[in-house]
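Take a look at the structure below.
Here is the naming used below: chain letters follow the sequence lines, and residue numbers restart at 1 for every chain.
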Amino acid sequence: MDFSKILTKWYLQNKRDLPWRNTVNPYYIWLSEIILQQTRVNQGLAYYEKFIVAFPTVFDLAKADENTILNLWQGLGYYSRARNLHFSAKYIVNERDGKFPATFKDLLKLKGVGDYTASAIASICYNEPCAVVDGNVYRVLARYYGIDIPINSTEGIKLFKKLAQDLIDTNDPATFNQAIMEFGAMQCKPKNPDCSICPFQNSCIAKEEKMVEILPIKDKKIKVTKRFFNYLVLISPMDRTLLNQRKQKGIWRNLYQFPLIETSKEIDISELIKMDELHKITNASNNDITLFNKKPIIHKLSHQHLSVNFWVINSDKEMENSISISDFDKYPVPILIHNFAEAYF
DNA sequence: AAATCGTGGCA
DNA sequence: TTGCCAAGATT
């Protein structure tokens, strides 16, 4: 039996029952693929369920407010996915009369849809023989063929795409693509795969050469920068507070947060009280300010480590542009802010 | 082409 | 505790 035949057989016996496997509606497949980018199935599942209820069609998504969408996306990370999802929904409704793109080429025109996602939708929904290459596929192919070329090098990206494209079952690309990804996720796992039950144990080069644990190769470690955030949590007599929207590009774009003073190092209250930025926001004095957390909260993003202090400031009067604390949940916020609110409000 | 963009689970 | 990395895309 060839690779595709063995793979498909394994898939039909071992595949998980996932909600997006019961449809070929491109809107639902698109939604699921965006949610699952760089995201584990277990984390994305609840979000998929929420989204199809809130936005049953691309028209519902297109006419929603961005805040509503970001609010549902809250906690999932990589928020540009949500913004691009909204942008592309509007594009499909307004520029294509609600007709979903039906070819790889046209799918690629959607913001947030790259080679992988276009291939996934084209194959699953329209049987176009476009091979997907995600993290799972890199791992399966690197091991099966014993390839030590870095998967994130220009050469590697090109090579693995060609390998997958040569391997794909053109008679049933939808099943092949989902099978190879599921196989990577469930059987050919990153750590401690059980090769003794693998259907490829007699043909896998990595298994033969004891390379399973070191493949695939990925080079370049990301540099982590440290930042110091001081959030000012102002509380008014009527239980109102201040929130700002992050408009600049960078992390958490378009999400909300408390007024922020970013510093180049950790500061204590005596240093905080000296800062001009503080007095532009409040006239509170030393006595009105208390540090919520005993130690700085270390919030780790993939390439930034944030050291965060929440300074709670009792304001003696009401403030301009404040929001009621009871309305806090209406604003999309980073999980860091959400966790603070959960603990304090 | 290399950097940037979140969060959570796991060994 | 630390590092890896997950149905990647964008600039």
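The C1' atoms of B:dA1 and C:dT11 are separated by 11 Å, rounded to the nearest whole Å. One P atom belongs to B:dA3, the other to C:dC4, and the distance between them is 16 Å to the nearest Å. When the P atom is used for both B:dG8 and C:dA9, the distance is 22 Å, rounded to whole Å. For B:dG6 and C:dC5, the C1' atoms lie 13 Å apart once the distance is rounded to whole Å. Rounded to a whole angstrom, the distance from the C1' atom of B:dC5 to that of C:dA6 is 14 Å. Comparing C:dA7 with B:dA11, their C1' atoms sit 23 Å apart, to the nearest whole Å.
Among the heavy atoms of the strands lying under 4.0 Å from A:L76 is at least one base atom, whether or not backbone atoms are also near. Heavy atoms of A:G44 sit nowhere under 4.0 angstrom from any nucleic acid atom. Nucleic acid contact class of A:L301 (heavy atoms, under 4.0 Å, all strands): base.
Proximity of a side-chain donor or acceptor of A:Y331 to a complementary backbone N or O of A:D327 within less than 3.5 Å is not detected.
The heavy-atom pair separating A:I267 from A:W311 by the smallest distance is O-CZ2, 3.7 Å.
Under 4.0 Å is where a charged nitrogen must lie from a carboxylate oxygen, and between A:E182 and A:R21 at least one such pair does. At a threshold of 4.0 Å, the pair A:K226-A:E266 does not count as salt-bridged, since none of the basic side-chain nitrogens sits closer than that to a carboxylate oxygen. Ion pairing of A:E66 with A:R83 is absent here, as no side-chain N (NZ or NE/NH1/NH2) approaches a carboxylate O to less than 4.0 Å. Salt bridge present: A:D115 and A:K161 bring a charged side-chain N and a carboxylate O closer than 4.0 Å.
Within residues 334-345 of chain A, the residues that place at least one heavy atom under 4.0 Å from DNA chain B are, in residue-number order, A:P334, A:I335. Contacts with DNA chain C (heavy atom under 4.0 Å) in residues 150-163 of chain A: none are found.
Taking atom CD on A:Q74 and atom P on B:dC5, their separation rounds to 19 Å, with Å as the unit. Residue A:K223 contributes atom NZ, which lies 16 Å from atom C1' of B:dC5 at whole-angstrom precision. Atom C1' of nucleotide C:dG3 and atom CD1 of A:I222 are separated by 10 Å, given to the nearest angstrom. Atom CG in A:D219 sits about 11 Å away from atom P in B:dA3, given to the nearest Å. One interatomic measurement links the two molecules: CD1 of A:I298 to C1' of C:dT2, which rounds to 14 Å at whole-angstrom precision. For the pair A:L215 CG and C:dC5 C1', the computed distance is 16 Å after rounding to whole Å. Residue A:L70 contributes atom CG, which lies 13 Å from atom C1' of B:dG6 at whole-angstrom precision. Rounded to a whole Å, the CZ atom of A:R83 is 11 Å from the P atom of B:dC5.
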Checklist entry - Which parts of nucleotides 6-11 of chain C does protein reach within less than 4.0 Å, heavy atoms only, written one letter per nucleotide 5' to 3' as B for base, S for sugar-phosphate only and - for none? => result BBBSS-
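Judged purely by distance below 3.5 Å, without hydrogens or angles, the side chains of A:T39 and A:R81 pair a donor atom with an acceptor atom. Side-chain polar atoms of A:D268 and A:S270 form a donor-acceptor pair below 3.5 angstrom. No side-chain donor-acceptor contact under 3.5 Å links A:R253 and A:Q248. A:Y138 and A:N152 are not linked by any side-chain donor-acceptor pair at a separation below 3.5 angstrom, with hydrogens and angles left out of the test. Checking A:E33 against A:T117 by side-chain atom types alone, no donor-acceptor pair falls below 3.5 Å.
Taking the ring axis of A:F87 as reference, the NZ or CZ atom of A:K111 stays within 45° of it and closer than 6.0 Å to the ring centre.
When the nearest nucleotides of DNA chain B are assigned to A:K191 and A:G75 by heavy-atom distance, the more 5′-ward of the two goes with A:G75. Mapping A:N192 and A:R253 onto DNA chain B by nearest heavy atom places A:R253 at the nucleotide closer to the 5' end.
At B:dC5, one or more side-chain N or O atoms of A:H303 fall inside 4.0 Å of OP1 or OP2 (strictly under the cut-off). The phosphate of B:dT7 (OP1 or OP2) has a side-chain N or O of A:W252 nearer than 4.0 angstrom.
A centroid separation of 6.0 Å or more is found between the aromatic rings of A:Y27 and A:F100.
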